[in-house]
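A, B, ... follow the sequence lines: proteins, then strands. Residue 1 opens every chain. Just so you know, these numbers come straight off a predicted model, no measurement behind them.
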Amino acid sequence: MSLAAYALVDCNNFYCSCERVFRPDLRDKPIVVLSNNDGCIISRSNEAKALGVQMGAPYFKQKPFLKRNNVTVFSSNYPLYGDLSDRVMKILRTFCPDMEVYSIDEAFLRLDGFSTYNLTEYAQHIRNTVYQWTGIPVSIGIAPTKTLAKIASHICKKTPKSSGVYNMNDKWAQPAQIDALLENVPVSEIWGIGRKSAAKLYRYGVTTARQLRDRDNAWLQKMLTVTGLYTALELRGVSSIALDEAPAARRSIRSSRSFGKPVTEKTHAQEAAVAYTVRAAEKLRREGLLATTISVFIKTSVHRPGDQHAEYCTHTFDKPTDFTPLFVHHASEMLQKIFRAGHQYQKVGVLLSGLELKRNQQGSLLEVVSTESQRQTESEARLMHVTDAINKKFGRGTVQYAGEGLGQPWKMKQENLSPKYTTDWSKLPEIY
DNA sequence: TCTGGGGTCCTAGGACCC
DNA sequence: TCTGGGGTCCTAGGACCC
């Protein structure tokens, strides 16, 4: 029987690579992409990594260094990354229909059906095609499980001579080689082992992937719950995390953002809560969903230890809805409740959950609907439809809720955005 | 002065029911 | 009003992911 084969296709430095598609002049130059609010560095080109720029480093601290070293800085352009991601995924699907789109820049392929192929060569071919058709370089790791495929793709990125593909299955027949390989993987780098678990494992002397793999099941489950056990099984080559080809429906929608500067006024916090509520509700309708609960949270900055307050509050509706004014009403009310004067708040957020498909709602034959409430529902739907249509056509915020406020002093910082690259999405097709 | 945003899953514990 | 075990459902909190 042949070995199972999962491939992880991982776009290299994805956001940076996307920016380079439109700026070929930056091909061998150091570049970075910043998070929202120009907060921190979330993508680095290899040249930037070589300079020692750290992932997640606060931009304000790195700014002089970046300037000195001629690093080109981009603010994130998510519509662009989303579009390029779609193109990459479409190409991958033509090579292998058993596919899980794992994130904006990663996909798992299940290559079991390709046993007559030389998988390494096939992966090379995939890689070359993606690069030719999109300009995005990818790394591909192949292994008997998803967790090992992740490791394989890491190895691949670190080994220049791998030329973009690393096939662990080739070595599977020589256990000593696999042992040696896992010996070199720190436990903290394993997919599914985060900071807390890594620290815990360290305390018990488990520092490498090989050591984790060789612990007994009961111990693993006790220390790391079943998810940790699955991870260890996967390291042994026993596939325990299945390919998720049709991801389950979304369960929640969140809209939250850090303020441009700390907020101390209740009205400002409330305006932000309303604005995020409006956005979350737009997303809800765009995806044809209804929500049964809305939550609002508020928090101070972790970087100000002397001034800490975080709280959240939830409201559940009698029946699922997508009506913005209703969300807005409850969001404001809850914010009033959790806001405490005297704190410098850093962030508020809104979460819609208990989601269900709107079309599953229609045609409830058992419910007795009065013509009055029927008419009410219809006019609500029409109102939402019209506002969404106007905002889509003329830009977000054309029709705005009074509660969002006009000045919006709490808004994300924009000063550092480089105007040239915040291109309106509608302009991009002209470039192509 | 300035440190992202949006998700999922697992578990423990409480409420409720029989 | 007391006694008991066990099941289900919900939620908050923790941990992880990109």
- Short N-O contact, K157(A) and D10(A), less than 4.0 angstrom: yes
- Task: Using a 4.0 Å cut-off on protein heavy atoms (strictly under), produce a 5'-to-3' string for nucleotides 13-18 of chain C with B for base contact, S for backbone-only sugar-phosphate contact, and - for none.
- Result: --SSSS
- Item | Ion pair check, K90(A) and D86(A), cut-off under 4.0 Å | no
- Item | For atom CG of L355(A) and atom P of dG6(B), their distance in whole Å | 15 Å
- Query: Is the shortest distance from a Lys or Arg side-chain nitrogen in D179(A) or R213(A) to a carboxylate oxygen in the other one below 4.0 Å?
  - Reply: yes
- Please say which of Y102(A), Y230(A), Y6(A) ends up in a ring-ring contact (aromatic ring centres under 6.0 Å, His included) with W191(A). Y102(A)
- Message: Whether R254(A) contacts dT8(B) is assessed here as follows: a side-chain N or O lying under 4.0 Å from the phosphate OP1 or OP2. Is that the case?
- Response: no
- Hey, which sits more toward the 5' end of DNA chain B by its nearest nucleotide, V226(A) or P262(A)? P262(A)
- Between dT3(B) atom P and K347(A) atom NZ, what is the distance in whole Å? 11 Å
- Nucleotide dT11(B), atom P - distance to CE of M223(A) in whole Å: 15 Å
- Item | Atom-pair distance (OH on Y345(A); P on dT3(B)), nearest Å | 17 Å
- Using a 3.5 Å limit on both pairing distances, list the dot-bracket string of DNA chain C from the 5' end; Watson-Crick and G-U wobble pairs count, crossing pairs take [ ], interstrand pairs take |. ....||||||||||||||
- Message: Expressed as a whole number of angstroms, how long is the span from K261(A):NZ to dC2(B):C1'?
- Response: 13 Å
- Contact class for S255(A) vs. all strands (heavy atom < 4.0 Å): base, sugar-phosphate, or nothing? sugar-phosphate
- Task: Take atom P in dC18(C) and the same atom in dT3(B), then report the distance between them in whole Å.
- Result: 24 Å
- Query: Under 4.0 Å between a Lys/Arg side-chain N and an Asp/Glu carboxylate O for E100(A) and K146(A)?
  - Reply: yes
- Query: Would you call K150(A) and E106(A) a salt bridge, taking side-chain N to carboxylate O under 4.0 Å as the test?
  - Reply: yes
- When R285(A), K283(A), K358(A) are each screened for salt bridge (charged side-chain N to carboxylate O under 4.0 Å, His left out) with D322(A), the one that passes is K358(A)
- Message: Over 60° means perpendicular and under 30° means parallel, so tell me whether F327(A) and F317(A) are parallel, tilted or perpendicular.
- Response: perpendicular
- Message: Can you measure H303(A) atom NE2 to dT1(B) atom C1' for me and round it to whole angstrom units?
- Response: 13 Å
- Message: Would you say S258(A) places a side-chain N or O within less than 4.0 Å of OP1 or OP2 belonging to dG5(B)?
- Response: yes
- Using the six-membered ring wherever Trp is involved, compare the ring planes of H125(A) and Y122(A) and label them parallel, tilted or perpendicular (cut-offs 30° and 60°). tilted
- Message: Under 4.0 Å between a side-chain nitrogen and a carboxylate oxygen: does that hold for E245(A) and R110(A)?
- Response: no
- Query: Contact class for V302(A) vs. all strands (heavy atom < 4.0 Å): base, sugar-phosphate, or nothing?
  - Reply: nothing
- Query: For the pair made of CZ in R257(A) and C1' in dG4(B), what is the distance, rounded to whole Å?
  - Reply: 9 Å
- Query: Mapping Q221(A) and K61(A) to their closest nucleotides on DNA chain B, which lands nearer the 5' end?
  - Reply: K61(A)
- Using a heavy-atom distance cut-off of less than 4.0 Å, which residues of residues 244-251 of chain A contact DNA chain B? R250(A), R251(A)
- Item | Verdict with supporting geometry, T145(A) and V238(A), side chain to side chain contact (heavy atoms under 4.5 Å, CB included) | CA-CA 7 Å; T145(A) 67; V238(A) 179; 5.7 Å; no
- Message: Can you tell me if Q346(A) touches the phosphate of dC2(B), counting only side-chain N or O atoms and a distance under 4.0 Å to OP1 or OP2?
- Response: no
- Task: Would you kindly give the CG-to-P distance between L351(A) and dG7(B), to the nearest whole Å?
- Result: 8 Å
- State whether E47(A) and K29(A) are salt-bridged, where the test is any N-O pair (Lys NZ or Arg NE/NH1/NH2 against Asp/Glu carboxylate O) under 4.0 Å. no
